[in-house]
Structure formats: structure tokens, C-alpha cells
Amino acid sequence: MASLRDIKTRINSTKKTSQITKAMEMTSAAKWNRGVMNAKSFVPYMEKIQEVTASIALGAGGVSHPMLTHRPIKKTGYIVITSDRGLAGAFNSNVIRNVHQAIQSRHKSNDEFAIIAIGRVGRDFFVKRGYNVVLDIVGINDQPSFQDINHITKTTVNMFSDGTFDELYVYYSHYISAISQEVTEKKLLPLTDLAGGSHKLTSYEFEPNAEEILEVLLPQYAESLIYGALLDSKASEHAARMTAMRNATDNAHELIRNLTLSYNRARQAAITQEITEIVGGAAALE
């Protein structure tokens, strides 16, 4: 049985841990509020640029663009969005597991795919396993701006345009609620579901012509999809870390209660033993 000193030491250390996890929970809660606001505020822009792009691409007859055209699949690119830090429950492991399972089922050779990693956890996982990580970015702000990932989005879209990749997928954790996030796979390029289920296309007047407008608009739309996925992932990350730290704090409090009970029992047993020894000693002297 542990001594009173050992139990007291564990109680004190657990109390300090619970204070840390509580502070981390409050910090994540503040970041979570801002992350959800950022993700939701980006939705109207995404809906509008999708509407405009779909109206021009589908409304103008005879328009073609490499980003709208299927081609034989020789190499696939996977954009994997994770966090730079742990302590977020299953947030990172769920995304990585889904990507890893998709790769195992679709490809027989490492030459058939490449990884674009946004976040240190995902990058380290695939690098350690010898996968081809062609691009990576770490240290992204908790409230990222488009400029923070502008380089990697442009480079990724250009790699599809120049034929390095024949298709692009993005994997991230979609925010549903503070306690629920869902790993999402989205086919980024080619843009096969541009209409997005809309039944009505808006008629626009544009110059000089649809091809030149799409030449500028389609890369911007693809880059916006990556940025929107990042904002969604950040909201999920903060929610997952907030929930994980809340659970850790609750577990610490439960452990403190159990240790306190054990301490009181051990202390009572020690007092009883001392009284028994005193009474026994007094009886021996009589």
C-alpha cells in the first residue's frame, strides 16, 4: 500500500495537472469561438464564387478547361490537413487513418501518389513511413488568413495544371458541433461537381469571353476550396482540443477524489495502529 506521503504527492501533482488542462480548455474555447465564426463567414463567399463559376462554365456552350476535364489517372495528389500539436483527442488520428486506408485501397505503388501536408502531425506521420511528401506547411496561425497558405494553394493547383497530378483530393475534419467532427474526403480537381446540386444557373454578361474568365476564376475557386477546408479543420481542431481538455480535467478531479479517499483511509488506519500500540504498551506495564 502506498504511504501517506506518496498519496499526498500524487494528489498535489494531479491538482496542478487539472489546473493546466482547465487553462488549456478555456484557451481552446476562445479559439473555437473565433474559428467557428471564421468558417461560417467564409461560406457565403464560397457559395457565391461557386455559383458564378458554375454559371459561366455550364451556361456558356462549348467551354472547356483542363480543370473541368477528366484525364487518365497516372498520379493522385492528397492534401491532408492536420494540426501542428497533439492533445486534441482523435482529431489527427482520424484524418490520418482515413487517408492511409484510402491510399492502401487505391494504390499498389508509392509512385502512384504524393502527399501535400498541411500540419506537422500529418507531415511527420507520412515522412516516417517513407511516403512522398512533395509539399508541406507547418506553423499556421490558429486563425489563418488566405495569405498564410497562398503559396501552397497556388503551387498545388499549378501541379494539377502542369500534369504532375491527374486528380486531387483533400482530407480534413469537418466541423459539425463542439462535440462532433467528421472526417471528410472532397475531390478537389478536376471539378466534376461544379453545379453543387443547384438547379438554376444565373445568366451573366462578361467580357472578353468565357474561356479567359475561367482561366482566372477556376484556379481561384480551387484555391478557395482548400482555404475553406482549412478554416473548417481549424474550427474542428479547437473544438476537439477543448473537449479533450475538459475530459482530462474531469478525469483529474475524479482521480483526486479517489486519492483523497485512499489518503483518509490510510491515515485512519495509521491512527488506529498507533492507538492500538499505545493501549498494548500500557497494558504490558500493568
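Residues Asn132 and Phe113 are not in side-chain contact: their nearest non-hydrogen atoms beyond the backbone lie 4.5 Å or more apart. Tyr172 has its side chain out of reach of Ser236: every pair of non-hydrogen atoms, C-beta onward, lies at least 4.5 Å apart. The shortest distance between side-chain heavy atoms of Thr272 and Gln268 falls below 4.5 Å. A 4.5 Å side-chain heavy-atom check between Glu237 and Trp32 finds every atom pair outside the cut-off. At least one side-chain heavy atom of Leu255 sits less than 4.5 Å from a side-chain heavy atom of Arg10.
Side-chain atoms of Arg241 come within 3.5 Å of backbone atoms of Gly86 as a donor-acceptor pair (strictly under, hydrogens ignored). Without hydrogens or angle criteria, Asn247 side chain to Ala244 main chain gives no donor-acceptor distance under 3.5 Å. Asp232 places no side-chain N or O within 3.5 Å of a backbone atom of Ala39 that could act as its donor or acceptor partner. In this structure, Asp84 contributes its side chain and Gly139 its backbone to a donor-acceptor pair below 3.5 Å. Counting only distance, with no hydrogens or angles, the side chain of Thr153 and the backbone of Asn150 share a donor-acceptor pair below 3.5 Å. Judged by distance alone, with hydrogens and angles left aside, the side-chain atoms of Thr243 form a donor-acceptor pair with the main-chain N or O of Ala178 at under 3.5 Å. A distance-only check finds no donor-acceptor pair linking the side chain of Arg34 to the backbone of Ala30 [under 3.5 Å]. Side-chain atoms of Ser3 come within 3.5 Å of backbone atoms of Asp6 as a donor-acceptor pair (strictly under, hydrogens ignored). Between the side chain of Ser233 and the backbone N or O of Leu230 there is no donor-acceptor pair closer than 3.5 Å.
When all heavy atoms are compared, the tightest approach of Ile73 to Glu167 is CG2-OE2, 3.5 Å. Pairing each heavy atom of Ser177 with each of Ala239, the nearest pair is O-CB, 4.3 Å. Taking both residues in full, the closest heavy atoms of Phe91 and Ala240 are given as CB-CB, 3.9 Å, listed atom of the first, atom of the second, then distance.
Atom CD1 of Ile271 has more than 12 neighbouring heavy atoms from other residues, nucleotides or ligands inside a 6.0 Å radius. Around the CZ atom of Arg5, the shell of radius 6.0 Å holds no more than 12 heavy atoms that belong to other residues, nucleotides or ligands. Within 6.0 Å of atom NZ in Lys15, 12 or fewer heavy atoms from other residues, nucleotides or ligands are found, so the atom counts as exposed in its surroundings. Annotation for Lys154: atom NZ does not count as buried by contact number, only 12 or fewer foreign heavy atoms lying within 6.0 Å.
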Derivation and outcome, side chain to side chain donor-acceptor pair (under 3.5 Å), residues Glu185 and Asn98: CA-CA 9 Å; Glu185 175 197 80; Asn98 275 264; over 6 Å; no
Step-by-step side chain to side chain contact (heavy atoms under 4.5 Å, CB included) determination, Ile56 to Leu214: CA-CA 8 Å; Ile56 296 176; Leu214 288 177; 3.9 Å; yes
Audit row: Gln143, Lys234, side chain to side chain contact (heavy atoms under 4.5 Å, CB included) steps and yes/no: CA-CA 8 Å; Gln143 313 299 332; Lys234 281 294 183 180; over 6 Å; no
Working for side chain to side chain contact (heavy atoms under 4.5 Å, CB included), residues Ile103 and Ile115: CA-CA 10 Å; Ile103 290 173; Ile115 305 293; 3.8 Å; yes
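In the hydrophobic clustering of ILVMFWY residues, with side-chain heavy atoms under 4.5 Å counting as a link, Phe125 and Ile118 come out apart. Under the 4.5 Å side-chain heavy-atom criterion for grouping Ile, Leu, Val, Met, Phe, Trp and Tyr, Val121 is not connected to Leu135 through any hydrophobic cluster.
With rounding to the nearest 0.5 Å, the separation of CG in Asp148 from OH in Tyr227 is 7.5 Å. Here the CE-OG1 distance, from Met24 to Thr249, works out to 9.5 Å after rounding to the nearest 0.5 Å. Once rounded to the nearest 0.5 Å, the distance linking CG of Leu189 with CG of Asp166 reads 11.5 Å.
Cation-pi contact between Arg267 and Tyr263: absent, since separation from the ring centre below 6.0 Å together with deviation from the ring axis within 45° is not met. A cation-pi contact, defined as under 6.0 Å to the ring centre and within 45° of the axis, links Arg106 to Tyr169.
For an aromatic pair to be called close, the ring centres must be under 6.0 Å apart, and Tyr131 with His107 fails this.
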